Amino acid sequence: MSQVIIAPSILSSNFSKLGEEIKAVEKAGADWIHVDVMDGMFVDNITIGPGVIKSVREVSSLPFDVHLMIEKPERYVDAFLDAGADYLTLHVEASSGDAIEAALRKIRARGAKPGITLRPQTSLERVEKFFPLVDLVLIMTVSPGWGGQAFMQDQLEKVRAVRTWANANKPMMHVEVDGGINAETAKLARTAGANVFVAGNYIYRSKDYASAIASLR
Ligand code: DX5
Ligand code: ZN
């Protein structure tokens with residue numbers, strides 16, 4: 001199965017020293033940096049935009065995995081790619097199917113890696129048609145909006161289905177899980193077929209980032 005990738009979510013980090021927090025997880029063995037973008041519309045919370053991403057981008061050489069939780073994300077694809085996003089993941093619920101498809105193709109055309117995701121209550125059928133266009137499918141294992149929520153085991157069925165599709169059609173496609181990931185839930189998700197593990201609180205609220213990251217592998 002594909003390589004295990006650990007992606008700390010900076011949402012749970014100390015924003016007063018964001019650059020240091022990114023460097024700290026890089027040093028502690030992180031593979032990617034997961035960046036949660038929220039607009040107060042698609043989800044209630046508001047986080048950061050392209051300006052902040054652009055300024056912290058230069059502190060790390062790790063891939064930036066940018067998860068857009070914003071309405072009509074097609075409006076901001078260029079801005080987030082200009083800011084240095086390597087992976088750019090869009091919510092299927094955030095716009096029309098045509099707009100999402102065009103945005104995914106644009107991400108690819110600009111040399112970055114497109115991803116598609118869905119809320120826990122959204123059926124997997126809604127995203128399946130985008131699988132051929134993406135490098136990553138993100139299965140949300142909490143409702144998007146906040147860190148520190150409990151892992152939703154019922155989403156593992158989607159992880160299994162996406163991995164089955166990937167094995168048959170596109171073995172290099174990443175299957176990512178995000179929300180409530182810790183050493184135990186990472187194991188469940190891994191068994192179901194996930195290979196990219198986003199973790200916010202579990203890493204950034206731990207005393208030792210390196211052992212938290214190692215325990216997810
Ligand atoms: C939630 C975000 C997550 C969040 C995960 O909307 O997409 O990336 O940071 O946080 P934890 O790992 O604390 O559940
Ligand atoms: Zn996320």
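Read the numbers this way: they start at 1 and go in the same order the structure lists the ligands and their atoms. Please read all numbers here as calculations on a predicted model, not as lab measurements. What's counted below: heavy atoms across the whole structure, side chains too, no hydrogens, waters or symmetry copies.
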Point to revise | Atom indices of ligand 1, in the order listed, that fall short of 4.0 Å to a heavy atom of G179 | key: 14 (O)

Exercise for review: List the closest protein heavy-atom neighbour of atom 14 (O) of ligand 1: residue, atom name, distance to the nearest 0.1 Å.
Suggested key: G180 N, 2.8 Å

Check your understanding: Is the backbone of G179 close enough, under 3.5 Å, to the side chain of T141 for a donor and an acceptor to pair up by distance?
Key -> yes

Practice item. Within a distance under 4.0 Å of any heavy atom of H67, pick out the atoms of ligand 1 and give their elements. Key: 7 (O)

Practice item. For the pair D31 and R217, find out whether any cationic side-chain nitrogen is under 4.0 Å from an anionic carboxylate oxygen. Key: yes

Exercise for review: Starting from atom 9 (O) of ligand 1, find the nearest protein heavy-atom neighbour and note its residue, name and distance.
Suggested key: S9 OG, 2.8 Å

Check your understanding: Does the cation-pi check pass for R190 over F197, that is, NZ or CZ under 6.0 Å from the six-membered ring centre and within 45° of its axis?
Key -> no

Point to revise | Sub-4.0 Å atoms of ligand 1 with respect to non-hydrogen atoms of M140 | key: 7 (O)

Check your understanding: Going by heavy atoms, is R205 under 4.0 Å from ligand 1?
Key -> no

Review point. In ligand 1, which numbered atoms sit nearer than 4.0 Å to a non-hydrogen atom of D178?
Key: 2 (C), 3 (C), 4 (C), 5 (C), 7 (O), 8 (O)

Check your understanding: Are any of the side-chain heavy atoms of F42 and P73 separated by less than 4.5 Å?
Key -> no

Exercise for review: Please step through side chain to side chain contact (heavy atoms under 4.5 Å, CB included) for the pair H34 and W32, ending with a clear verdict.
Suggested key: CA-CA 6 Å; H34 185 81; W32 294 356; over 6 Å; no

Check your understanding: So, the side chain of Y87 versus the backbone of D135: is there a donor-acceptor pair under 3.5 Å, distance only?
Key -> no

Study note, to complete from the structure: of all protein heavy atoms, closest to atom 1 (C) of ligand 1 is W146 O, 3.6 Å

Check your understanding: When you look for heavy atoms under 4.0 Å from ligand 1, do you find them on the side chain of A199, its backbone, both, or neither?
Key -> backbone

Check your understanding: With no hydrogens and no angle check, is any side-chain donor or acceptor of K129 less than 3.5 Å from a backbone partner on E101?
Key -> no

Point to revise | Nearest protein heavy atom with distance in Å, relative to atom 2 (C) of ligand 1 | key: D36 OD1, 3.4 Å

Study note, to complete from the structure: re atom 6 (O) of ligand 1, the protein heavy-atom contact at minimum distance is G145 N, 2.8 Å

Check your understanding: Does some side-chain heavy atom of L124 sit less than 4.5 Å from a side-chain heavy atom of I139?
Key -> yes

Point to revise | Nearest non-hydrogen protein atom, atom 12 (O) of ligand 1 | key: G200 N, 2.7 Å

**Study point:** Stepwise side chain to side chain contact (heavy atoms under 4.5 Å, CB included) check, E125 with L118
**Key:** CA-CA 10 Å; E125 285 73 60; L118 71 173; over 6 Å; no

Review point. Has K187 got more than 12 heavy atoms of other residues, nucleotides or ligands less than 6.0 Å from its NZ?
Key: no

Review point. Is any N or O atom of V142, backbone or side chain, closer than 3.5 Å to an N or O atom of ligand 1?
Key: no

Study note, to complete from the structure: So the atoms of ligand 1 within less than 4.0 Å of a heavy atom of P144 turn out to be 6 (O)

**Study point:** Any side-chain heavy-atom pair of V198 and I181 under 4.5 Å
**Key:** no

Check your understanding: So which protein heavy atom does atom 10 (O) of ligand 1 come closest to, and at what separation?
Key -> G147 CA, 3.4 Å

Check your understanding: Is the closest heavy atom of Y204 to ligand 1 under 4.0 Å?
Key -> no

Check your understanding: In this structure, are over 12 heavy atoms from other groups packed under 6.0 Å from Y209 atom OH?
Key -> yes

Study note, to complete from the structure: In ligand 1, the atoms that come under 4.0 Å of a heavy atom of V198 are 8 (O)

Exercise for review: For ligand 1, note which part of Y202 has a heavy atom under 4.0 Å away: side chain, backbone, both or neither.
Suggested key: neither

Revision key, fill the gap. For D36, the N, O or S atom at the shortest distance from the Zn ion (ligand 2) is OD1

Study note, to complete from the structure: Smallest heavy-atom separation, E74 atom then A103 atom, equals CB-CB, 4.0 Å

Review point. In terms of atom number and element, which parts of ligand 1 are under 4.0 angstrom from non-hydrogen atoms of H34?
Key: 8 (O)

Study note, to complete from the structure: Near N201 (heavy-atom distance under 4.0 Å), the atoms of ligand 1 are 11 (P), 12 (O), 13 (O)

Point to revise | Name, closest N/O/S atom of H67 to the Zn ion (ligand 2) | key: ND1

Point to revise | Donor on one side chain, acceptor on other, D36 and S9, under 3.5 Å | key: yes

Check your understanding: For D178, what is the atom name of its N, O or S atom nearest to the Zn ion (ligand 2)?
Key -> OD2

